[in-house]
*Asks:* 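First the structure, which I've put down as structure tokens, then a few questions once you've had a look.
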Amino acid sequence: MIKSLHKYLSFLILALLQIPLYAQDVKYGLQANLSRPLGDLDPTWYGQIGYGFGLHSQIELKSGNRLIPRVDFMEYKHDNLGQIYKFNTLSLGLDFQHRFSAKYNEKFYLTGGIGYTFARNSFEITDAAHPVPGGIYLPNYSRSERFNAPYLAVGIGYAINSNFSLETRYNYLKFNSPTEATTPSLQLSLLFHL
């Protein structure tokens, strides 16, 4: 897992460094994300909201379209009387963004993308002083699983001005190993363009 993660991150960094050589107008930015899990994650997280951050670049294409290489980190965390559930993801992706006008500050745009997600699902009991339902005390314990899978995303965005955008995305992700799980999410992002 770590070797493949380093390989993908190295490839993405090298690709991002090459962009200025081939594109006339490249902008970089940051995003802050809130995410609501759906699908198989929904019952586990009891409606919890995940949070995250990311980096992106914008490569200008003709007719108001853009390519958006992006890296996103998300974390979902649920603490229930000393039993801590966490689901973390690191996603590397490429979005295609269609604006209805070539002007940068045109308000609405559509986006769609593909990428690859590295995920870690963990469970730990950190405080043996809290009983589980039924009054049983459990010893300190932890376990984790790692998943990798491609993802698809579609969304709509609104450019507030030339520096800030709001975007909502539906991300679809299905893991097949070690356990099968469909984990789509609805994500709201605030993007800052440098």
Side-chain angles (χ1 to χ4, degrees), residues 1 4-5 8-9 12 29-56 58 66-99 107-126 132-133 141-160 164-192:
M1 165 69 183
S4 64
L5 177 61
Y8 285 110
L9 286 176
L12 183 65
L30 308 168
Q31 64 259 17
N33 305 318
L34 294 175
S35 183
R36 167 76 163 81
L38 305 169
D40 294 335
L41 278 182
D42 187 31
T44 305
W45 301 103
Y46 308 107
Q48 297 288 317
I49 300 295
Y51 60 90
F53 60 91
L55 305 168
H56 66 271
Q58 298 178 351
R66 293 177 178 84
L67 288 177
I68 314 285
R70 60 187 295 149
V71 178
D72 289 285
F73 172 79
M74 291 297 302
E75 178 173 273
Y76 303 94
K77 183 177 180 182
H78 177 65
D79 188 344
N80 182 18
L81 299 174
Q83 299 176 55
I84 300 172
Y85 300 87
K86 286 185 186 177
F87 188 74
N88 301 323
T89 63
L90 177 66
S91 300
L92 309 175
L94 180 66
D95 287 358
F96 176 79
Q97 190 180 90
H98 174 72
R99 292 189 182 258
K107 299 300 184 192
F108 286 100
Y109 60 88
L110 299 175
T111 186
I114 60 171
Y116 201 78
T117 296
F118 303 91
R120 181 175 179 258
N121 188 24
S122 64
F123 168 74
E124 100 184 89
I125 299 173
T126 58
V132 297
Y141 169 79
S142 67
R143 69 173 169 80
S144 68
E145 299 174 308
R146 296 188 183 275
F147 309 86
N148 302 326
Y151 75 83
L152 296 172
V154 295
I156 187 167
Y158 179 78
I160 298 168
F164 290 97
S165 298
L166 277 175
E167 192 173 282
T168 184
R169 298 163 58 91
Y170 176 81
N171 297 317
Y172 180 81
L173 186 59
K174 183 173 182 176
F175 297 106
N176 291 321
S177 175
T179 57
E180 186 171 319
T182 303
T183 59
S185 64
L186 189 59
Q187 181 175 313
L188 178 66
S189 300
L190 176 64
L191 292 87
F192 174 64

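Only heavy atoms go into these numbers, but all of them, side chains included; no hydrogens, no water, no symmetry mates. The structure presented is a predicted model; accordingly, all values stated were derived computationally and were not measured.
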*Asks:* Are Phe73 and Thr89 packed together at the side-chain level, in the sense that at least one heavy-atom pair is separated by less than 4.5 angstrom?
*Replies:*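 No, side chains not in contact.
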
*Asks:* Are Tyr172 and Val154 close enough, and set up right, to give a side-chain contact (heavy atoms from CB on, under 4.5 Å), and what steps lead you there?
*Replies:* CA-CA 9 Å; Tyr172 180 81; Val154 295; over 6 Å; no

*Asks:* Check whether Lys107 reaches the backbone of Ile160 with its side chain - one donor and one acceptor, N or O, closer than 3.5 Å.
*Replies:*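 At least one qualifying donor-acceptor pair exists.
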
*Asks:* List the atom of Pro150, the atom of Leu173, and the distance in Å for their closest heavy-atom pair.
*Replies:*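 Looking at all heavy atoms of both residues, the shortest contact is O-CD1, 3.2 Å.
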
*Asks:* Assess the pair Tyr151 and Tyr116: is the distance between their ring centroids shorter than 6.0 Å?
*Replies:*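 That pair fails the under 6.0 Å test.
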
*Asks:* A side-chain contact here means heavy atoms from C-beta on lying under 4.5 Å apart; do Ser185 and Leu38 qualify?
*Replies:*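 The answer is no, as the side chains (C-beta and beyond) never meet within the 4.5 Å cut-off.
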
*Asks:* Just verifying a value: how many Å separate Gln31 CD and Ile68 CD1, rounded to the nearest 0.5 Å?
*Replies:*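 Atom-to-atom, Gln31:CD and Ile68:CD1 are 9.5 Å apart.
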
*Asks:* Using the side chain to side chain donor-acceptor pair (under 3.5 Å) definition, which of the options Asp72, Asp95, Asn33 pairs with Arg169?
*Replies:*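 Only match with Arg169 under side chain to side chain donor-acceptor pair (under 3.5 Å): Asp95.
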
*Asks:* Just how far is it from atom NZ of Lys86 to atom OH of Tyr76, taken to the nearest 0.5 Å?
*Replies:*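 So the NZ of Lys86 and the OH of Tyr76 are separated by 15.0 Å.
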
*Asks:* What's the separation between atom CG in Leu34 and atom OG1 in Thr168, rounded to the nearest 0.5 Å?
*Replies:*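 Reported value, rounded in 0.5 Å steps: 10.5 Å.
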
*Asks:* Rounded at 0.5 Å granularity, tell me how far CE in Met74 sits from CG in Asn88.
*Replies:*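 Here the rounded value is 10.0 Å.
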
*Asks:* Does any non-hydrogen side-chain atom of Thr117 lie less than 4.5 Å from one of Phe147?
*Replies:*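 A side-chain contact is absent here, since even the closest heavy-atom pair is not under 4.5 Å.
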
*Asks:* Compare every heavy atom of Ala159 with every heavy atom of Tyr109, then report the nearest pair and how far apart it is.
*Replies:*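 Minimum heavy-atom contact is CE2-N, 4.2 Å.
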
*Asks:* Measuring from His56:NE2 to Leu191:CG, what's the distance to the nearest 0.5 Å?
*Replies:*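 His56 atom NE2 to Leu191 atom CG measures 5.0 Å (nearest 0.5 Å).
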
*Asks:* To the nearest 0.5 Å, tell me how far Tyr170 OH sits from Gln187 CD.
*Replies:*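 One gets 13.0 Å once the value is rounded to the nearest 0.5 Å.
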
*Asks:* Measure from the ring center of Tyr85 to the ring center of Phe87 and say whether it is less than 6.0 Å.
*Replies:*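 Ring-ring flag for Tyr85/Phe87: false, centres at least 6.0 Å apart.
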
